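Below is one structure; the comments refer to it alone.
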Amino acid sequence: MPELPEVEIRRRYLVAHALHRPILRTEIADPTLLNGASARSFRKALAGHALVDTFRHGKWLFVQAESLRWIALHLGMTGNLRVIETAATMPRYVRLRLRFRDGGSLVFTDPRKFGEAHLVENVTAFLQARKWGPDPTLDGFDRDAFRERLRGRSGVLKGILLNQQVIAGIGNLYADEMLFQCGLHPDTRASGLKPRTFGALYDAMMEIFEASIAVETRYKELPNRFLLRHRNYDGLCPKCRRPLNITTAGSRTTYYCPTHQRRRG
DNA sequence: AGGTCATCCTGGAAGC
DNA sequence: TGCTTCCAGGATGACC
């Protein structure tokens with residue numbers, strides 16, 4: 001599902017296909033996408049303006065119009081963005097459509113409607129209001145910063161990694177990957193972990209983000225050693241070829257190898 | 001404060 | 001075949 005790498009790939013897609021095309025009008029097929037915001041203000045901020053800039057923080061994607069207003073997009077579980085050139089290729093489940101003057105359109109599709117769109121003046125204030133934690137791929141975030149964010153927390157690792165207020169961008173699948181690469185059981189408590197272990201988690205996080213972005217999140221193209229390639233119902237551990245365990249941790253479906261991810265502490 | 005659960009939603013898979 | 005049930009997942013908020 002869309003986590004940091006997936007959102008980053010879509011951001012790059014927008015840069016390549018959606019910028020500098022003046023918007024003719026905005027069609028909001030499903031107003032609930034706006035979470036109570038006025039459709040009128042939305043249209044007004046976009047009409048006649050092209051999109052000119054993008055920004056991503058965790059799973060939030062921001063697109064700036066010439067009016068200087070930003071659209072904040074969250075893909076939820078099933079949200080996606082596509083630029084289409086002719087109506088003949090219009091996908092299903094379109095919730096929002098920006099019609100360009102040149103005949104093309106940027107469409108936001110979302111079968112399950114967990115996605116969100118907001119009109120934002122100040123991106124930083126928007127993120128602060130939601131208390132979102134730092135994006136680990138942005139400047140200045142290193143091992144020490146990572147350790148600092150996790151230090152002093154008493155919960156289980158999986159739950160902490162999924163908490164967007166701690167670190168923004170890690171979702172269920174990538175949290176499982178990080179724990180697998182570090183040989184940590186999902187129920188491991190964060191308190192009492194050695195600094196070295198935090199460092200290993202940071203390295204695993206950066207490695208999987210980088211690898212996943214490199215293959216444009218087509219997990220099948222990842223090296224075999226990544227759990228993401230094997231994270232399915234009858235998946236086998238890429239290290240020992242024994243069946244993976246499926247359990248619940250942090251109230252989410254969790255895959256792990258009972259051999260390499262031992263419970264500690 | 002942390003953990004669990006319900007909630008939003010609906011396509012698709014599984015079960016009967 | 002066709003119906004019903006369940007599940008998935010991101011984020012938030014209620015509750016213990």
Side-chain angles (χ1 to χ4, degrees), chain A residues 1-11 28-37 56-62 72-82 91-96 107-118 120 123 126-136 149-179 184-193 205 208-209 212 217 219 227-228 230-235 244-256 263 265:
Chain A
M1 293 306 112
E3 305 180 32
L4 187 152
E6 281 79 5
V7 178
E8 174 61 17
I9 291 302
R10 278 150 188 82
R11 188 192 69 77
I28 301 159
D30 181 3
T32 63
L33 178 75
L34 305 183
N35 288 86
R56 183 192 54 72
H57 184 107
K59 303 172 195 173
W60 281 103
L61 177 54
F62 300 90
L73 296 169
H74 196 295
L75 302 178
M77 276 173 37
T78 55
N80 204 358
L81 293 163
R82 281 186 53 194
R92 300 173 72 189
Y93 316 114
V94 172
R95 307 302 179 199
L96 176 69
V107 295
F108 181 98
T109 59
D110 188 15
R112 291 181 202 177
K113 297 186 175 179
F114 284 2
E116 296 178 34
H118 300 256
V120 170
V123 167
F126 176 82
L127 291 167
Q128 274 174 0
R130 283 155 187 267
K131 298 182 177 139
W132 270 47
D135 179 298
R149 296 296 298 177
L150 269 68
R151 197 163 66 179
R153 298 193 175 262
S154 59
V156 297
L157 269 180
K158 173 110 189 212
I160 295 169
L161 294 175
L162 290 177
N163 184 347
Q164 302 301 304
Q165 299 188 0
V166 178
I167 290 169
I170 304 170
N172 198 30
L173 275 56
Y174 290 86
D176 279 2
E177 183 70 55
M178 291 167 62
L179 294 167
L184 292 164
H185 191 283
D187 286 340
T188 305
R189 299 260 157 195
S191 58
L193 286 186
M205 173 182 70
I208 184 56
F209 282 167
S212 190
T217 69
Y219 301 153
L227 182 70
L228 275 173
H230 310 276
R231 199 182 177 287
N232 51 57
Y233 181 69
D234 52 3
L244 295 167
N245 269 15
I246 305 174
T247 181
T248 299
S251 66
R252 305 295 282 281
T253 304
T254 298
Y255 286 71
Y256 73 101
R263 202 182 300 261

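Chain letters run A, B, ... following the sequence lines, proteins first, then strands; residues in each count from 1. Here the structure is a predicted model, which is why all the values come from computation and not from measurement.
- A/T254 and A/K158 form a side-chain donor-acceptor contact under 3.5 Å, judged by distance and modelled atom types alone.
- No donor-acceptor pair closer than 3.5 Å links the side chain of A/E116 to the backbone N or O of A/F114.
- Atom CZ of A/R95 is separated from atom P of B/dG11 by 8 Å (rounded to the nearest Å).
- One cannot find a donor-acceptor pair under 3.5 Å joining the base of C/dA11 and the side-chain atoms of A/R130.
- Using a 4.0 Å heavy-atom criterion, one finds that A/E3 contacts the sugar-phosphate atoms exclusively.
- The CZ atom of A/F126 sits 4.5 Å away from the NE2 atom of A/H118 when rounded to the nearest 0.5 Å.
- Minimum atom distance to the side chain of A/R189 is reached by B/dG2, of the listed B/dG2, C/dA11, B/dC9.
- The residue A/T78 sits apart from the nucleic acid: no heavy atom pair falls under 4.0 Å.
- An OP1 or OP2 oxygen of B/dA1 is reached within less than 4.0 angstrom by no side-chain nitrogen or oxygen of A/S154.
- Nucleotide B/dG3 holds its C1' atom 11 Å from the CD1 atom of A/I160, rounded to whole Å.
- Summarising the geometry, the separation between CG on A/L127 and P on C/dA11 is reported as 12 Å, rounded to the nearest angstrom.
- What separates CG of A/D30 from P of B/dC8 is a distance of 15 Å, to the nearest Å.
- The CG-C1' distance, from A/L162 to C/dT12, rounds to 14 Å in whole Å.
- Distance, A/Q164 CD to C/dA11 C1': 8 Å, rounded to whole Å.
- The listed nucleotides are C/dA11, B/dG3, B/dG11; the one nearest the side chain of A/H74 is C/dA11.
- A residue-by-residue look at A/Y93 and A/G159 shows that A/G159 has its nearest nucleotide of DNA chain B further toward the 5' end.
- Among the protein residues, A/W132 comes within range of the sugar-phosphate backbone only, with heavy atoms under 4.0 Å from sugar or phosphate atoms but none that close to a base.
- More than 12 heavy atoms of other residues, nucleotides or ligands lie within 6.0 Å of CZ in A/R130, so this atom counts as buried by the packing criterion.
- Closest contact between the side chain of A/R112 and the listed nucleotides B/dG3, B/dC8, B/dT10 involves B/dT10.
- The distance from atom NZ of A/K113 to atom P of B/dG11 is 9 Å, rounded to the nearest whole Å.
- Computed from coordinates, the A/L150 CG to B/dA1 P distance equals 16 Å when rounded to whole Å.
- Minimum atom distance to the side chain of A/R153 is reached by B/dG2, of the listed C/dT12, B/dT10, B/dG2.
- Residues forming a side chain to side chain contact (heavy atoms under 4.5 Å, CB included) with A/E6 (at least two apart in sequence, or on another chain): A/P2, A/E3, A/R10, A/Y174, A/T217, A/Y219.
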